Protein chains: 2
Amino acid sequence: MEEQLSEHGSPQPFVVRAARHEPVAPRESALPSREHEFDVETDVAVVGSGCAGLASALFTRWLGDEVVLLEKAPELGGTTLKSAFIYWVPNNGPLQESGVEDREEDFLRYVARISRPEKYDPDSPTLGQSELEYSLYRGIYESAWPAAKLLAERGALPYQHAPHWTDYWHNLTEDKVWNARHLMPAGVNEDQTDGGLIAIRGMSRAATDAGVEIRTGHRVQRLVLNDDGAVVGVVATTADGETVRIGARKAVLFGTGGFTHDADLRDNFLAVPAVGGCAARTNEGDFVRIGSAAGAQLRNMQFAWRCPINLEKAVAGDPDMQGTFAVAGDSMLCVNYKGERTLNEKLPYNELVQRMYDWDPLGCEFPNRVMIQIWDGWSQQHSAKDFFGNSIVPAGVDDAHVIKGDTLAELADNIRERLVRYQAHTGNVRLADDFVTRLEATVARWNEMSERGVDEDFHRGEREVEITVFGGPLSEEAAERANPLMRPLDGDGPYFATLLSGGTLDTKGGPRINASAQVLDDQNEPIKGLYGAGNCVASASGRAYWAGGGTLGPMIAIAYRAAQAIHEEPLRDVGASRSAVA
Amino acid sequence: MEEQLSEHGSPQPFVVRAARHEPVAPRESALPSREHEFDVETDVAVVGSGCAGLASALFTRWLGDEVVLLEKAPELGGTTLKSAFIYWVPNNGPLQESGVEDREEDFLRYVARISRPEKYDPDSPTLGQSELEYSLYRGIYESAWPAAKLLAERGALPYQHAPHWTDYWHNLTEDKVWNARHLMPAGVNEDQTDGGLIAIRGMSRAATDAGVEIRTGHRVQRLVLNDDGAVVGVVATTADGETVRIGARKAVLFGTGGFTHDADLRDNFLAVPAVGGCAARTNEGDFVRIGSAAGAQLRNMQFAWRCPINLEKAVAGDPDMQGTFAVAGDSMLCVNYKGERTLNEKLPYNELVQRMYDWDPLGCEFPNRVMIQIWDGWSQQHSAKDFFGNSIVPAGVDDAHVIKGDTLAELADNIRERLVRYQAHTGNVRLADDFVTRLEATVARWNEMSERGVDEDFHRGEREVEITVFGGPLSEEAAERANPLMRPLDGDGPYFATLLSGGTLDTKGGPRINASAQVLDDQNEPIKGLYGAGNCVASASGRAYWAGGGTLGPMIAIAYRAAQAIHEEPLRDVGASRSAVA
């Protein structure tokens, strides 16, 4: 990100780079405080400075409420800063202008069908979904475009249409408008690597301009409740050990991240295991703890925005690590430790990870939990690019994650040695003794299918989304082939490989909210004064990744609705301020 | 269960039958109370009267502490009452007497390998598991046999060895002692259908004899905390609307069930969806709510003791429903809505359900989420038995769940019609248009493989556990075949079918405990005075079903350890009793 910053001028005061290992305050007990002494008072305290936090702060401030924004890291932006910032906005302006009708009913059927496919009932008034989830879908449809439009009109986030993107499930009959719901920040570069940077810069500048008080390095530890159980503030600590109590007359809104970087939460909630992920390093599940300690229901806890990650980078804790959103290369295939190809390498990332955790009920194992991406000199030459977790990097770029060999046998020896180093992180995955033999057979079948351009085993390249979004960089020659995503591996080396595993962009579970972003208690009643948006709260999307930007578009919609509800909150007594900080 | 009762004599005062639809008090807010007025005072309040609750009450009382036991249902026994009551006890007495060495290290490797296979590291001091889980494994190894022995010595639960049982993963090299850890109640009938009844009768009688005060029809709604945050009681309500406040000087122990019968919790936590389950109807996740409202960490929430269930019985809410623990029949196979056979029907139930939720990343569906069990006249004749959820029932037994047809085509028509009725519960599963054609091809392949006795597709019948535990009733002829679990389907009808789906025996997640059964807060510190055992707390078993009785054996061990820790608790002030109940 530093390079991009120099490309775009000096860093802004609140936009530095993706969160690193700078010290943040250690976690303390999340049990709520009932002491009503505050160092700072405001109408609304917003926690988190990624898209959800900044958008919530802006919408709230623009309605006239005072806002203090608190960020745990020394810098703003959270996971959003690392993103391409595609945002998925149903029935958006450019789409309307183009004359395409994106009806609410069509949107609802699409998201219901894929979010909870095991409950989808086309004949039910809520399509088989819970009332609450159905109301969230409706809220997203209703508010995503007004929210995006307002952010653009106020100069925080001008947009451009991204019509080359397609929904991830465009092959389903329920997806009626599959290639027009995507927006991206105006002026984004061709590879969209600076989308998040542009968005965070624009939104944080607008926040400062609007008078939002921004405090970085403030870790919120717990809520402050009044005698009615209403939330009237937060207690934060700084890396220096200072405690800051912020009183909030109207509301506290969490717009923080999920629990990607808390291994204990991952192991105990996620349906599909993950060795790590590419969320901001500060995404440690703070609101899971703080919200539930205040009586919030946790929901949707088993699901995540899943993406493959590079095993070695994840183990190293590289803060700049990106998900391997596209497994690049045409003369490229993935095999498991047995040397078997077991999945379609060009699946949307959320689904690819699901396949990496197929269960073997006889072996008591996930045989695909480490997939070995293997490519040849052709793909090295034509698919190399240093962006978004692409495994295949150009000369001169750090390639410590790449394993090499002049022959498949030599490559296998080097993979074998590399895997042993990571046994503590993989459940002791090692190459099978007959790996080379089976790999050679797998490559022979791959080459034979590639000649014909038909993947009889896993249907690679049969859906448009695989080509337009998950193909990765390809040579011009690819487009001329029957199947641009298939090419035989070279008969001669060198060969290259890297170790992929299942990870998360971020998690999706947390305190439950209603369509006004109010956090709900045990009895489904709003906890007075407590709101949430973004990856820290239970996502309405269930197990699905609706589309690229299916995170950010709905997040903006919920932030917009939160601001409107917060504006109607009564001003609660937060007592007299203390004169000095303890 | 009523029949069994008449078999064994009159019902005991506290042992009636599996919980039915009798009214129980409705759920109220779980937020803890801080009012210190009590109607009843005791040393220890135990909640729940299945194996975990009764064993905890007994061990506690036998150490000299006063105990009040509270059960929500009008009768005792919970899910345990429906069970065969196999209990899995490592290094048990009969095993020691037989000269077999069941070393702690072997036990630990087996349970670590299968509980969290994705984390298993044979070279790690904790085998790659968390310190807490490792300590729970050790606690179970250490205490299961002393606990079982004490229950037997005191006459509450005399045992007999069950050496015909085998661990569910006996094929793994880590399982060194795979067919000797199983006990069952002495005097159980041949089919073990009265195991749970004998155990509950014996334990509840012993509890009464020992002076445990048993109160049925008391739904615990919330904890009572003192100013130090220690648990000093519970608030319960009765079906009549009475509120009863029970003060507990030393501890409150939850030995209740999981959240099988709370659809909202199931949908929002379980890794693998479930349409229901065979736990007691009162297993609605009470301790998930009550524990977390008091600051307990929830853990292991994505996992369950999974078992196939009959879709129609589950939807009907039949309180006597059992899991279909064995999918019976040799001339029997299961197909999905496409007519494809996609799994080994004789897998241990926990794994069979996992396969029922294999994900299709192109179709956006779980194609096997309804499996259609199909059998012929031979299996109807030789595998019919009315026990433990067996789909194939003898003449005279209610067979409303059985679909019939004189030909496969007629059978398919009737399945098609039946499935439509359940679309709201299956995610709209319907038979494919070409179901009959594909079914005929599937049956032809099945018949051909059966002639040879080799299931080349899914390895049915290759492991001992499939034959000894999951074969179901079979004719004598079966044992003479190369593969007793495979037989061609008759060429002529009639044919039979039923609809199976994925369910839970019960869930495995809840408040986290340590190896003394203390419930842990957000900071991993014990919540003073709060204990848990059984399916209401986070199981150490992760994703695994260690063996038949892998629920009950460890449950007894944890109950035993809880009682010892509770005995060391200080007596806390619970204030003056009120004279009358509000």
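Per chain, numbering begins at 1; letters A, B, ... match sequence-line order. Keep in mind it's a predicted model, so treat the numbers as computed, not measured.
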Is it the side chain or the backbone of [X] that comes within 4.5 Å of chain A heavy atoms, both, or neither?
X	result
B/I114	both
B/S124	neither
B/L298	both
B/E466	side chain
B/F269	both
B/Q354	side chain

Between NE2 on residue A/H425 and NZ on residue B/K119, distance to nearest 0.5 Å: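 Between A/H425 NE2 and B/K119 NZ, I get 10.0 Å after rounding to 0.5 Å.
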Side chain / backbone / both / neither for [X] at chain B, heavy atoms under 4.5 Å:
X	result
A/A30	both
A/L172	side chain
A/R299	both
A/T426	backbone

Short N-O contact, B/R116 and A/D267, less than 4.0 angstrom: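 Here B/R116 does not pair with A/D267 in a salt bridge, since their nearest N and O are not under 4.0 Å apart.
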Lys/Arg N to Asp/Glu carboxylate O, A/D264 vs B/R512, below 4.0 Å: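 Salt bridge present between A/D264 and B/R512.
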Residue, of B/E525, B/E462, B/R369, that accumulates the most heavy atom pairs under 4.5 Å with chain A: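 Ranked by contacts with chain A, first place is B/R369.
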Over 12 non-hydrogen atoms of neighbours within 6.0 angstrom of CG in B/D227: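 No, because the 6.0 Å sphere around CG of B/D227 holds 12 heavy atoms or fewer from other groups.
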A/E131 atom CD: more than 12 heavy-atom contacts under 6.0 Å: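 Atom CD in A/E131 is not crowded, with 12 or fewer foreign heavy atoms closer than 6.0 Å.
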Less than 4.5 Å apart, side chain to side chain, heavy atoms only: is that true for [X] and [Y]?
X	Y	value
A/R543	B/P273	yes
B/M301	A/M301	no
B/N344	A/P361	no
B/W359	A/P117	yes
B/Q523	A/R27	yes

Taking every non-hydrogen atom, the tightest pair across A/G295 and B/L31: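 Closest heavy-atom pair between A/G295 and B/L31: CA-CD2, 4.4 Å.
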Exercise: identify the closest heavy-atom pair between B/G363 and A/W169: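 Closest approach of B/G363 to A/W169: C-CZ3, 4.4 Å.
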Top contributor to chain B interface from A/A263, A/G128, A/A424 [non-hydrogen pairs under 4.5 Å]: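 Going by pairs under 4.5 Å, I would pick A/A424.
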Check: A/L362 main-chain N/O paired with B/N171 side-chain donor or acceptor under 3.5 Å: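 Yes.
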Expected output: side-chain A/Q302 to main-chain B/L270 donor-acceptor under 3.5 Å: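 Yes.
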